[in-house]
Asks: 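Shown below is the structure under consideration.
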Amino acid sequence: MKTYKLLTPGPLTTTDTVKKEMLFDHCTWDDDYKAITQKIRSQLLALAHVSDPEYTAILMQGSGTFGVESVLSSVVGPKDTILLITNGAYGERMVDMAKYHHLSHLVYSEAYNRVPESNKIQTLLEAHPEITHVAMVHCETTTGILNDIAAVGKLCHDFQKTYIVDAMSSFGGIDISMKDNHIDFMISSANKCIQGVPGFSFILARTEALVASQGKARSLSLDLYDQWLTMNVDGKWRFTSPTHTVLAFSKALDELEAEGGVTARNKRYTDNRRLLTERLGSLGVKAYLREEDRSPIITTFLYPEANFDFADMYRFIKDRGYAIYPGKLTDVDTFRIGNIGEIYADDIENLYNIFKDYLG
């Protein structure tokens, strides 16, 4: 079987030991399996620097988008209004969800290369007292920009708003304290910085805010409160869970701890990003964002020349062992390279040499 490494923001390259966990077929009703679910829930809370019973963790079948939609459709009630802060495709996807579920909502949009400004958000909160919830993306993988969730969290705390953070591409790779950032609901996915495989998302919630959402859900399968109510008894999922993905994720959590936790993983990702931009920069391939706005998760690069053929380069790179990402911008030609997963400096050097050969 021909293999290659993924330089993408997830799914990403996993360890062989994580993959091997999926060779075991587990029963969803088994007590051992339910204990694994409970272990995962406790470990996730610890990563967010919070604990039960003030906070809780809910695992939800499906991709990260399912997790985000579960939160929005479950916690924003018919008398509520949510402010959606966007500067990329994933913030805009939350706007689409709000429209699908007929949520009362306002939108503050920034350009894709700009971090949303807290003073503008404050002005909106002052002008619209009907706002009850605020949601934003932490790391927008559209560009790799890192948004200031701390500043927005302080505003939500001061104005007493429920704060929802899509930490899909950042949790586990960037240290996040839910309590310090005043986050009520935080969503991420198994196949991102914790380096598991696709199959479920997870939501970390302030328990009081979750309980207050009872009866607001607009979907049976995405009902966050009911999912928690069942799972909180003994670790059983309401509906069939992705057992192989759960086993792999449990192993991935243990490997994150063995690596040195989020601090060590963040350093590796940041070192990858720094080396990548330096090496490609020496070839005339420039990053799209300013240095101060870049996350360690994924980096967007401008095409090196006007007649650049991304598809041709993609095939050239893939044939030599790596897969990268196309751009997601409409106004400028770009491509993206992920810095996360089981990727190290040697991989970045290998990629640099492949780029050098191709551009040469």
Side-chain angles (χ1 to χ4, degrees), residues 2-15 87-89 111-115 138-147 169-170 173-174 192-193 195 259-260 262-360:
K2 186 174 182 179
T3 62
Y4 50 86
K5 289 190 174 183
L6 303 180
L7 294 169
T8 63
L12 39 64
T13 297
T14 58
T15 63
N87 63 338
Y112 281 17
N113 62 346
R114 292 185 59 85
V115 173
H138 186 202
C139 174
E140 252 292 357
T141 53
T142 305
T143 59
I145 199 167
L146 192 65
N147 293 325
S169 298
S170 58
I174 298 173
K192 300 292 185 176
C193 293
Q195 298 185 184
E259 185 176 345
V262 176
T263 300
R265 187 154 290 179
N266 177 269
K267 182 180 184 305
R268 175 161 63 85
Y269 291 168
T270 302
D271 289 345
N272 286 345
R273 193 275 317 273
R274 186 180 299 112
L275 183 61
L276 177 67
T277 52
E278 287 175 358
R279 290 290 189 264
L280 294 194
S282 71
L283 299 174
V285 183
K286 304 299 183 183
Y288 170 69
L289 294 172
R290 301 181 306 170
E291 168 68 28
E292 57 266 33
D293 293 333
R294 297 174 202 159
S295 73
I297 308 303
I298 188 169
T299 307
T300 296
F301 291 94
L302 299 167
Y303 279 13
E305 54 193 36
N307 297 320
F308 182 75
D309 187 335
F310 173 79
D312 183 66
M313 184 190 71
Y314 178 87
R315 289 189 294 270
F316 185 90
I317 293 172
K318 182 180 174 182
D319 287 344
R320 287 152 183 80
Y322 294 92
I324 62 174
Y325 245 33
K328 208 172 177 66
L329 302 177
T330 57
D331 59 338
V332 62
D333 290 327
T334 61
F335 62 90
R336 295 174 292 166
I337 299 178
N339 312 303
I340 64 178
E342 195 65 7
I343 301 296
Y344 296 87
D346 287 348
D347 296 298
I348 304 301
E349 294 288 2
N350 289 341
L351 184 68
Y352 160 74
N353 287 319
I354 295 170
F355 263 90
K356 187 176 180 180
D357 290 344
Y358 180 79
L359 295 175

Asks: Could I get the full list of ring-ring contact (aromatic ring centres under 6.0 Å, His included) partners for Phe301, not counting sequence neighbours?
Replies: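 By the ring-ring contact (aromatic ring centres under 6.0 Å, His included) rule, Phe301 matches Phe335.
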
Asks: So, Asp319 and Arg315, do they make that salt bridge, N to O below 4.0 Å?
Replies: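 Between Arg315 and Asp319 there is no salt bridge, as every charged N stays at least 4.0 Å from the carboxylate O atoms.
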
Asks: Would you find a donor on one side and an acceptor on the other, under 3.5 Å apart, between the side chain of Ser295 and the backbone of Ile145?
Replies: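 No, because the side chain of Ser295 does not come within donor-acceptor range (under 3.5 Å) of the backbone of Ile145.
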
Asks: Might you work through the side-chain contact (heavy atoms from CB on, under 4.5 Å) test for Phe355 and Ile337, ending with a clear yes or no?
Replies: CA-CA 12 Å; Phe355 263 90; Ile337 299 178; 4.0 Å; yes

Asks: Would you give the length of the straight line joining atom SG of Cys139 to atom CD1 of Ile298, rounded to the nearest 0.5 angstrom?
Replies: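 These two atoms lie 8.0 Å from each other.
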
Asks: Side-chain contact, heavy-atom cut-off 4.5 Å: Phe308 with Val285?
Replies: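 Side chain of Phe308 against side chain of Val285, heavy atoms only: no contact under 4.5 Å found.
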
Asks: Taking the side chain as C-beta and beyond, is there a heavy-atom pair between Thr14 and Leu12 under 4.5 Å?
Replies: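 Yes, close enough: below the 4.5 Å cut-off.
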
Asks: Sequence neighbours left out, what pairs pass salt bridge (charged side-chain N to carboxylate O under 4.0 Å, His left out) with at least one residue falling in residues 327-340?
Replies: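 Matches after skipping sequence neighbours: none remain.
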
Asks: Got a second to check how far Tyr314's OH is from Asp309's CG, nearest 0.5 Å?
Replies: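 Result: 14.0 Å between the selected atoms.
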
Asks: Exactly one of Ile174, Leu289, Val115, Ile297 should register a side chain to side chain contact (heavy atoms under 4.5 Å, CB included) with Leu146. Which one does?
Replies: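 In the set Ile174, Leu289, Val115, Ile297, the residue that makes a side chain to side chain contact (heavy atoms under 4.5 Å, CB included) with Leu146 is Ile174.
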
Asks: Under 3.5 Å, is there a donor-acceptor pair between the Tyr344 and Asn272 side chains?
Replies: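 Side chains of Tyr344 and Asn272: no pair found under 3.5 Å.
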
Asks: Rounded at 0.5 Å granularity, tell me how far CG in Asp271 sits from CG in Leu276.
Replies: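 So the CG of Asp271 and the CG of Leu276 are separated by 12.0 Å.
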
Asks: Going by the side chain to side chain donor-acceptor pair (under 3.5 Å) test, which pairs reach into residues 299-308, not counting sequence neighbours?
Replies: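 Matches after skipping sequence neighbours: Thr299-Asn339.
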
Asks: Given Thr143, which partner from the list Asn113, Leu329, Asp293 fulfils the side chain to side chain contact (heavy atoms under 4.5 Å, CB included) test?
Replies: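 The single option meeting the side chain to side chain contact (heavy atoms under 4.5 Å, CB included) with Thr143 is Leu329.
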
Asks: Can you name the one residue among Arg268, Lys267, Gln195 that meets side chain to side chain donor-acceptor pair (under 3.5 Å) with Glu259?
Replies: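 Among the candidates, only Arg268 passes.
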
Asks: Taking all atoms of both residues into account, what is the closest heavy-atom pair of Pro296 and Ile340, and its distance?
Replies: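 Looking at all heavy atoms of both residues, the shortest contact is O-CG2, 4.0 Å.
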
Asks: Please report the closest heavy-atom contact between Arg279 and Glu349, naming both atoms and the distance.
Replies: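 Taking every non-hydrogen atom into account, NH2-OE2, 2.8 Å.
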
Asks: Which residues pass the ring-ring contact (aromatic ring centres under 6.0 Å, His included) test with Tyr358, sequence neighbours left out?
Replies: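 Phe316.
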
Asks: Could you report the tightest heavy-atom contact between Pro9 and Tyr325, atom names first, then the distance?
Replies: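 Taking Pro9 first and Tyr325 second, the nearest heavy atoms are CD-CE2, 3.4 Å.
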
Asks: Taking the side chain from Thr263 and the backbone from Asn266, do they hold a donor-acceptor pair closer than 3.5 Å?
Replies: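 Flag not set: sc Thr263 to bb Asn266 has no pair under 3.5 Å.
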
Asks: Spell out, as yes or no, whether a donor-acceptor pair under 3.5 Å connects the side chain of Arg265 to the backbone of Cys193.
Replies: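 Looks like yes, one N/O pair under 3.5 Å.
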
Asks: Check side chain to side chain donor-acceptor pair (under 3.5 Å) between Asn87 and all other residues, then give those that pass, not counting sequence neighbours.
Replies: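 For Asn87, the residues satisfying side chain to side chain donor-acceptor pair (under 3.5 Å) (neighbours in sequence not counted) are Asn147.
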
Asks: Where is the tightest heavy-atom contact between Thr8 and Ala323, given as atom of each residue plus distance?
Replies: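 The pair with the smallest heavy-atom distance is CG2-O, 3.9 Å.
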
Asks: Within this structure, what is the CG-OH distance for the pair Leu302 and Tyr288, rounded to the nearest 0.5 Å?
Replies: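 Reported to 0.5 Å precision, the distance equals 8.0 Å.
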
Asks: Donor-acceptor pair, distance only, cut-off 3.5 Å: does the side chain of Tyr352 make one with the backbone of Glu278?
Replies: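 Between the backbone of Glu278 and the side chain of Tyr352 there is no qualifying donor-acceptor contact (under 3.5 Å).
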
Asks: In Å, rounded to the nearest 0.5 Å, how long is the span from CE of Met313 to CD1 of Ile354?
Replies: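 Taking CE in Met313 and CD1 in Ile354, the distance rounds to 10.5 Å.
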
Asks: Tell me every residue that passes salt bridge (Lys or Arg N to Asp or Glu O under 4.0 Å) with Glu291, counting only those two or more places apart in sequence or in another chain.
Replies: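 Per chain and number, Glu291 pairs via salt bridge (Lys or Arg N to Asp or Glu O under 4.0 Å) with Arg273, Arg294.
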
Asks: Calculate, to the nearest 0.5 Å, the distance between atoms OG1 and CD1 belonging to Thr13 and Ile343 respectively.
Replies: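 If we round to the nearest 0.5 Å, Thr13:OG1 and Ile343:CD1 are 4.0 Å apart.
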
Asks: Is the shortest heavy-atom distance from the side chain of Leu351 to the side chain of Leu7 under 4.5 Å?
Replies: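 Yes, their side chains come closer than 4.5 Å.
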
Asks: Heavy atoms only: give me the nearest Gly10-Lys192 pair and the separation to one decimal.
Replies: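 Gly10 and Lys192 have their closest heavy atoms at O-NZ, 3.5 Å.
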
Asks: Do Tyr4 and Leu6 come close enough that some side-chain heavy atom pair is under 4.5 Å?
Replies: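 Answer yes - side chains close enough.
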
